[in-house]
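So the structure is just underneath, and the comments pick up after that.
For ligands, and for the atoms within them, numbers begin at 1 and follow the listed sequence.
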Amino acid sequence: MKTDICIIGGGPGGYVAAIRAAQRGFSVSLVEEGALGGTCLNWGCIPTKALYSATKLLTQVEEAAMIGLSFAKPDIDLAKLAAWKSTVVATLVGGIETLLKKNGVTLIRARGQLAEPGKVSLSTGETVEAQTIVLATGSEPVEIPPFPFSDPAIWSSDDALEIQEIPERLAIIGGGVIGLELATIYRRLGSKVLVIELLPEILSTLDLDRRTVSTLKRSLKEQGIETLTHVAAQSFDTSENGVRLNLAAGEPRDVDRIVVAVGRRPRSRDLGLENCGIEVDTRGFVVVDDALRTTAPDVYAIGDLIAGPMLAHKASEDGIFVVESLAGHEHRLNYTTIPQAIFTNPEIASVGLSEAAAKDEGIDVLVGRFPFAALGKALGMREPDGFFQVVADAATHRVVGVQIIGADASDLISEAAVVVQNDLALEAIADAVHPHPTLPEGLKEAAENALGRAIHTVNR
Ligand code: NAI
């Protein structure tokens, strides 16, 4: 079979690249051996968000008595909850298949491997000849030897999202994004949750301000999620009382299940990279240049397979960038303007630079903040925790970064993403009328606060 572009991997990097390539008039083959949508749709973003919203309801029901609304203690039908989550996933996966078909993408259900430049061999025995090959095989959870996923006591994030049981006591190794999102879900389901982080701080692989992290830590504590930092998990023993987790410092902890969420690694093995002389770095990431070209001619790599933030929307952006470049269109790729949303309670979202990172870059900063507690809408929602923070260049007022911790931060960050992406100034937010009463008013007030003219908070 001959095609203009052959893409290996049908996750948010690969399928988005395939659709855009078809829109630009290329003939496209997309090779996927498993479920379309990759990790994000099947074992990541989407199932976690389904469970996040379902379990948020549990907390709301439990707390409603405070405002005069009493309900019976909720019953949790885990099988039904898991089935509903799977329906959400299946609907989206089906939607991608339809989109691929309608756009004229040839979907090849097989495992693909680079045979030589311009050739992909398939597990069916066939070969696809392509002018351009795009590698988009994503990433997989890192396993640490003392805690093998093959042991029933040890769960990967994929296992945890199956929600087959609610462990009474759950330990999570890794205080990163996945660990804390799962901690939030399982705590709401009723587990006693302990998070163990090797580094001195949780979420320290991200560019978050200290104030943001300490707000989250306070809230985790209030929810009953215990975090131990600067501690290595060493081994475990199983007994009839459950699982004994041995730590490098302090007493062992008795739990029922252990989730390991210590990062993800690129799926660059068994891809046939060596057949084309494609280099990988020491961590297994495929080496690419600014145009996302690998070290082999006409082979590109995108998404989690290359260094950079491991985010679905970043993978899609990579895919669009490669295809638009092939089509001769100019498309900017700038990882610093890629927003991130973390689904903890409260949510955290950020775009651009933190205050500390902006200072490190030598920017004389102007910072504005506004608390959720001063927003009528947030009080009405009973979600007064958190704040908006806007960081701008003092000389030009250009907004270089925004962090939001609080209710619906994941939705609120998009206005800030438009501002940061387009190099707009504080006034672009501050002078725009925001409807009242809404949460985005907090971003406007934070920008006004940076300019010394916020109405509903005291200006410094
Ligand atoms: P991560 O890099 O965010 O966090 C892993 C944490 O585990 C780190 O804090 C690390 O110091 C710690 N760690 C490593 N070895 C350890 C050990 N032996 N004992 C204790 N702690 C240890 O990785 P995570 O959470 O697995 O997520 C993988 C990737 O997926 C990340 O890049 C993340 O940003 C991305 N992701 C993003 C989401 C979002 O944006 N909402 C959701 C889920 C994943």
Review point. Does the side chain of Thr132 pick up a donor-acceptor pair with the side chain of Asp298 at under 3.5 Å?
Key: no
Exercise for review: Using distance alone, with no hydrogens and no angle criterion, decide if Gln403 and Ser350 have a side-chain donor and acceptor under 3.5 Å apart.
Suggested key: no
**Study point:** Ser139-Arg264 side chain donor-acceptor pair, cut-off 3.5 Å
**Key:** yes
Check ligand 1 against the protein and report each N/O to N/O distance under 3.5 Å, formatted as atom name, atom name, distance.
{"from": "ligand 1", "atom 1": "3 (O)", "to": "Val177", "atom 2": "N", "distance (Å)": "3.3"}
{"from": "ligand 1", "atom 1": "9 (O)", "to": "Glu197", "atom 2": "OE1", "distance (Å)": "2.6"}
{"from": "ligand 1", "atom 1": "9 (O)", "to": "Glu197", "atom 2": "OE2", "distance (Å)": "3.2"}
{"from": "ligand 1", "atom 1": "11 (O)", "to": "Glu197", "atom 2": "OE2", "distance (Å)": "2.6"}
{"from": "ligand 1", "atom 1": "21 (N)", "to": "Leu198", "atom 2": "N", "distance (Å)": "3.2"}
{"from": "ligand 1", "atom 1": "25 (O)", "to": "Val177", "atom 2": "N", "distance (Å)": "3.2"}
{"from": "ligand 1", "atom 1": "25 (O)", "to": "Ile178", "atom 2": "N", "distance (Å)": "2.8"}
{"from": "ligand 1", "atom 1": "26 (O)", "to": "Gly263", "atom 2": "N", "distance (Å)": "2.8"}
{"from": "ligand 1", "atom 1": "40 (O)", "to": "Gln340", "atom 2": "NE2", "distance (Å)": "2.9"}
{"from": "ligand 1", "atom 1": "40 (O)", "to": "Ala341", "atom 2": "O", "distance (Å)": "3.3"}
{"from": "ligand 1", "atom 1": "41 (N)", "to": "Glu181", "atom 2": "OE2", "distance (Å)": "3.0"}
{"from": "ligand 1", "atom 1": "41 (N)", "to": "Ala341", "atom 2": "O", "distance (Å)": "2.7"}

**Study point:** Residue pair Leu198 / Val231, side-chain heavy-atom distance below 4.5 Å
**Key:** no
Practice item. For the pair Phe236 and Phe147, name the ring-plane relationship: parallel under 30°, tilted 30 to 60°, perpendicular over 60°. Key: parallel
**Study point:** Test log, rule side chain to side chain contact (heavy atoms under 4.5 Å, CB included), inputs Asp237 and Asn246
**Key:** CA-CA 8 Å; Asp237 309 298; Asn246 303 307; 3.1 Å; yes
